Amino acid sequence: MQITTELFTWYSENKRELPWRNTREPYHIWLSEIMLQQTRIEQGLPYYYRFTEKYPTVFDLANAPIDEVLKLWQGLGYYSRARNLHETAKFVTEKLNGVFPKSYVELKKLKGIGDYTAAAIASFCYNEPVAVVDGNVYRVLSRLFDLDTPINSSAGIKEFKLLAQEILNKKDPATHNQALMEFGAIQCKPQNPYCLLCPLSSKCLALRNNTVKERPIKLKKSKIKHRYFNYLVFNHQDKKTLLEQRTGKGIWNGLYQFPLVESNDHFSEKELIASEDFKKILGEREFEITLFRDEPKIHKLSHQHLHTRFWIVETKLDLDKSIFINEVEKYPVPVLIENFLNEYLSEAYN
DNA sequence: AAGCCGGGGAA
DNA sequence: TTCCCAGGCTT
């Protein structure tokens, strides 16, 4: 099926003006693509501006401390992207003299660059004829060809990649890839696509078969896990508090938070104080504890719901490694912590 | 092959 | 509420 004429015409008339569309520099393309992974353009755009201003070149990014990069990334989610971004910046700077690889195969070897991102950079920057397959492309192709293979099955991933490569315009893969994604985002959108005035409507098999609303097919994801967080917000002399850094493989790896006591269900004050985690942190110190909000704050992630309570713990003795409470904002923290801090500081110190 | 990793906006 | 977003990594 040939769609180039209709697609390119639609694109020239409907494309949005975006900063990374005015360049072929791999650094800027790469930065934008990492930020836009599983992220809406409107959400990523302000971050793109902040990053390119603070780090005009890959050298600037590579030389920055990781905590500074994470702080700038704060609120964008999927924080491993920021750590991989920084690692790859250092690799490109130190091992490749600051020059990005120029082919799909070589790009894919870099940390944080998978199938999609390698194809995006290779086609946008170097016009390599490799098709991108993102959420938009899955949707457009599944409708255009009325395919019911689940897009998140291994068979689907293979099938759609092959199909995308077949219909790719090999003379102008850069425009083709961008146009197809933009078409999926604006015209062939998930809900209520504009089929009535679609330039591809005569070729769309799903429209002909009345299955547009059922495309694409996607396997259901696992159910949501519930967790119960008790944060200990220390407040002792001179308004100092305690932070810890999250490590390991779970959520928010590398970000900072108040000392955390996790439980299998909601803790009463008595249960919290009796817990081993609490005793380990407090030791033999005297303290006075108050709950910040009556109702737990439920922070919803895509795969788990966090039932969180913030306990204000007043102590007289100083603790090791404590910092002033108004210094917390210098650290990269989850949005949950950021939101709490804003509420707490505006109420407690105003 | 399946699970995990954030936060926000739209319907 | 549910879905999905210019996906990638780990097990």
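Proteins get letters first, then strands, A, B, ... in listed order; numbering begins at 1 in each. Because the structure is a prediction, the values reported are computed rather than measured.
Residue Ser302(A) places a side-chain atom within donor-acceptor reach of the base of dG6(B), judged by atom type and a 3.5 Å distance cut-off alone.
Taking atom CD1 on Ile151(A) and atom P on dG7(C), their separation rounds to 10 Å, with Å as the unit. In this structure, Lys213(A) atom NZ and dC3(C) atom P are separated by 14 Å, rounded to whole Å. Rounded to whole Å, the distance from NZ on Lys161(A) to P on dG8(C) is 10 Å. Between Leu76(A) atom CG and dG6(B) atom P the separation is 11 Å, expressed in whole Å.
A donor-acceptor distance shorter than 3.5 angstrom exists from the side chain of Ser275(A) to the backbone of Phe278(A), with no hydrogens or angles considered.
Residue pairs satisfying the ring-ring contact (aromatic ring centres under 6.0 Å, His included) criterion with at least one member in residues 87-113 of chain A, sequence neighbours excluded, are listed as follows: Trp30(A)-Phe100(A). For residues 259-268 of chain A, the salt bridge (Lys or Arg N to Asp or Glu O under 4.0 Å) pairs, not counting sequence neighbours, are Arg227(A)-Glu262(A). Sorted by first and then second residue, the pairs that involve residues 176-217 of chain A and meet ring-ring contact (aromatic ring centres under 6.0 Å, His included), not counting sequence neighbours, are Trp10(A)-Phe183(A). Pairs passing the ring-ring contact (aromatic ring centres under 6.0 Å, His included) check and including a residue from residues 147-173 of chain A, sequence neighbours excluded, read Tyr138(A)-Phe160(A).
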Distance-only donor-acceptor pairs under 3.5 Å for side chains of residues 195-205 of chain A, two or more places apart:
from: Ser201(A); atom 1: OG; to: Cys198(A); atom 2: O; distance (Å): 3.0
from: Lys203(A); atom 1: NZ; to: Gln2(A); atom 2: O; distance (Å): 2.6
from: Lys203(A); atom 1: NZ; to: Glu6(A); atom 2: OE2; distance (Å): 3.1

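Residue-to-nucleotide proximity on DNA chain B shows that, of Gly77(A) and Leu219(A), the 5′-proximal contact is made by Leu219(A). Map Lys220(A) and Val133(A) each onto its nearest nucleotide of DNA chain C; the residue landing nearer the 5' end is Lys220(A).
Across all strands shown, Arg139(A) has heavy atoms under 4.0 Å from sugar-phosphate atoms exclusively, and none from any base. Using a 4.0 Å heavy-atom criterion, one finds that Asn177(A) contacts no nucleic acid atom at all.
Contacts of residues 26-58 of chain A with DNA chain B (heavy atom under 4.0 Å): Gln38(A), Thr39(A), Arg40(A), Gln43(A).
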